[in-house]
Amino acid sequence: MTIQPRLFIFLFSLPVLLCAAILVPAQDSPPVRITPKALSAGMINNPAFKENAKGENFCWHARVGMDQYVENFQLTGDTAWLDAGIAYYDFLISRMDTDPDGYSGWIGPYAYDERYWQDALVGDAILMTGILDFCVLVLENDSLKKIYGSKASAYVEIAKRDFAEKWDKRGTWYEDGPYGAYTGFSKFLKPRNLKEWIYDSAANRAGISHPFNKQLDAGQVYLRLYRITDSTVYRNRAERIFFTLKSHFQYFDDHYCWNYFDPLTPGDIDAEKKDTRHGVWVHPWRSGYQAGDVEKITEAYHYGIVFSEEDMQRIINTNLKVMWNKDTENPKFINSNGLGADNDTTGIAAFKQAYGHSTASKNAGELWTGLLDFDQTIRDLYELRFRKGKHAAERLRYENTVLKNPPGFKRKYAKGKVTVPEMRFTESKELYLATVLPHVITKKEKSVIICKSWTPGTLQVDLYSLTDKKITNLYTGKTGEETFMIRWDGKDPSGKVNYTGDYKIRWTTGSGYREFPVTIL
């Protein structure tokens, strides 16, 4: 379990945010009641920092409200909001410490082992993203650039060095052909000694891939760095991150589902237990994870990266056809994999039968507001929160941004013709994991062929050509509701034939099958 679910509940109840940036629709009133200085002062003196003064916890608390500086400037045209933003960004940067390798970060208690301190990839990512939003605004506006250009450029250099360069130099970036993922850093610090690394590969989460929400947080930093610098290095990194997620989408009945965590590197496999080192599931009670993923997927789409219009429509289908109870007055949502349908109070529980497995749920699903750009029904359901004049601030921002354009799939930031990488999806309701690690198979180091199924039955694992010709069978037998994995070096089962070239592994069970491409050297 990560630190985030526990924090999200507390973060959004902070008193400092309850009084910040209250917007009102009345034309004879200022659009923002709080002053810029009061906002930055309140955020700098956030009472939550008393118990969360360092590390990842500090970053999660500090991220809340960061968008208001840019948003309030866009609403009012008053540069005092940008001055207040700079005051807050400089405060955040002043809280960074230096690691033994010379890079800076928000060093503090390590979330998964109380013995250690460390700076966290996700902490860096979420704060850098908020600061880079200011940089994008300034560097794309000639008037603002004259005033704030040097400050914005300085922030960009910090992001390039203390995020992009730092985590690469530390060896936490794993690349496998078109795919890529960040893994947990295996070097730690003692609370009162920031000069000396302690290597501990056995520490909880050390060396394991970060869950998808944190991978996409990093992806957002690269989207902004690409936009600011026009460097293909940053674009390629964002593409690998988002393409990795897309390659793990589960597809059936014209919609997608994806897990909170999937194994993305061989280090995510526990060879002794023959299972993954982290659970593989859609988070059963924190719907905010996938809602956040969708916001980041939408942003990547707008940049012309990885996702097609068809992809976005399938994600809309997940939210409206699988998760929503079809009630336009009192909408309720279940999880994207069908969990939680027993809690449906409208009597419309047919999707439980269609989509699977019920469980007691807390906050299993929600409206994916990241899809507001694309679909009118999503907008209609979102607007229900504004009944009886509620959420005036939120409504005003919505009217000034989303409603300026009709729903559609026009990309906001893409340059020129958009071409996304081709991916063929096959359908399986039973298999919620099917991958090969690494997807480049060599004779020296066998790859892991792994899958997980909802239901027991007969499983068949085959090697296929890219033209759908079956080459050989690798396994046929019974499997339960458990992890199935084998290691394979690219030879036929008899060991007489060495395959080379591009192929795909196909797992067949129940009503369908899933595939994953492989390259055999």
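On a predicted model such as this, the values are computed, not experimentally measured, just so you know.
- Looking at E394 and Y382, their side chains do bring a donor and an acceptor atom within 3.5 Å of each other.
- Salt-bridge check for R95 with D90: failed, with every basic side-chain N at 4.0 Å or more from each acidic carboxylate O.
- Seen from the ring of W173, R237 counts as a face-on cation partner, given the 6.0 Å and 45° thresholds.
- For the side chain to side chain donor-acceptor pair (under 3.5 Å) test, residues two or more places apart in sequence or in another chain that qualify with R224 are D133, E299.
- You'll find the ring centres of H210 and Y182 outside the 6.0 Å limit.
- Looking at heavy atoms from C-beta onward, H278 lies out of side-chain contact with D268 at the 4.5 angstrom threshold.
- Looking at S447, its side chain never comes within 3.5 Å of a backbone N or O of V436 through a donor-acceptor pair.
- Side-chain atoms of E515 and T426 form no donor-acceptor pair, as typed in the model, at a separation below 3.5 Å.
- Take D162 and apply the side chain to side chain donor-acceptor pair (under 3.5 Å) test, not counting sequence neighbours, and it matches no residue.
- Side-chain contact annotation: D293 with W258, donor-acceptor N/O pair under 3.5 Å present.
- A donor-acceptor pair under 3.5 Å is absent between the side-chain atoms of T172 and the main chain of D168, judged by distance alone.
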*Walk me through it: do Y398 and F386 pass the test ring pair (Phe, Tyr, Trp, His ring centres under 6.0 Å)?*
CA-CA 11 Å; Y398 171 67; F386 303 137; 5.8 Å; yes
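- No more than 12 heavy atoms of other residues, nucleotides or ligands shown are found within 6.0 angstrom of CD on E445.
- Checked against D101 for a side chain to side chain donor-acceptor pair (under 3.5 Å), the options K166, R170, K169 give a single hit: R170.
- Taking the side chain as every heavy atom from C-beta outward, K246 and F425 approach each other to under 4.5 Å.
- With E56 contributing its side chain and A120 its backbone, the two residues share no donor-acceptor pair below 3.5 Å.
- Formation of a donor-acceptor pair under 3.5 Å by the N335 side chain with backbone atoms of N337 is not found in this model.
- Geometric assessment of R235 against the ring of Y222 yields a negative cation-pi assignment under the 6.0 Å and 45° thresholds.
- Remark: R227 qualifies as a cation-pi partner of Y413 under the 6.0 Å distance and 45° angle criteria applied to the six-membered ring.
- Ring to ring, Y179 and F516 are close: their centroids are under 6.0 angstrom apart.
- In this structure, the ring of F134 has its center less than 6.0 angstrom from the ring center of Y89.
- One side chain, Y148 or D83, offers a donor N or O that lies under 3.5 Å from an acceptor on the other.
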*asked:* Could you walk me through whether F49 and F58 satisfy the ring pair (Phe, Tyr, Trp, His ring centres under 6.0 Å) test, starting with their C-alpha distance in whole Å, then the side-chain angles of each, then the deciding distance to 0.1 Å, before giving a yes or no?
replied: CA-CA 6 Å; F49 294 159; F58 170 81; 4.7 Å; yes
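- In this model, no donor atom of one side chain and acceptor atom of the other lie less than 3.5 Å apart for E366 and W368.
- For K504 and D468, the salt-bridge test passes: some basic side-chain N is under 4.0 Å from an acidic carboxylate O.
- Between S308 and D311, the side chains place a donor N or O and an acceptor N or O closer than 3.5 Å (distance only, hydrogens not considered).
- Checking side-chain atoms of W197 against main-chain N and O of D99 turns up no donor-acceptor pair under 3.5 Å.
- In this structure, the side chain of N141 does not engage the main chain of L137 through any donor-acceptor pair within 3.5 Å.
- For Y116 and Y110, the gap between ring centers reaches or exceeds 6.0 Å.
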*Checking ring pair (Phe, Tyr, Trp, His ring centres under 6.0 Å) for the pair W117/F188: CA distance, chi angles, key distance, verdict?*
CA-CA 6 Å; W117 276 27; F188 303 91; over 10 Å; no
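- Listed for the Q68 side chain is a donor-acceptor partner under 3.5 Å among the backbone atoms of G65.
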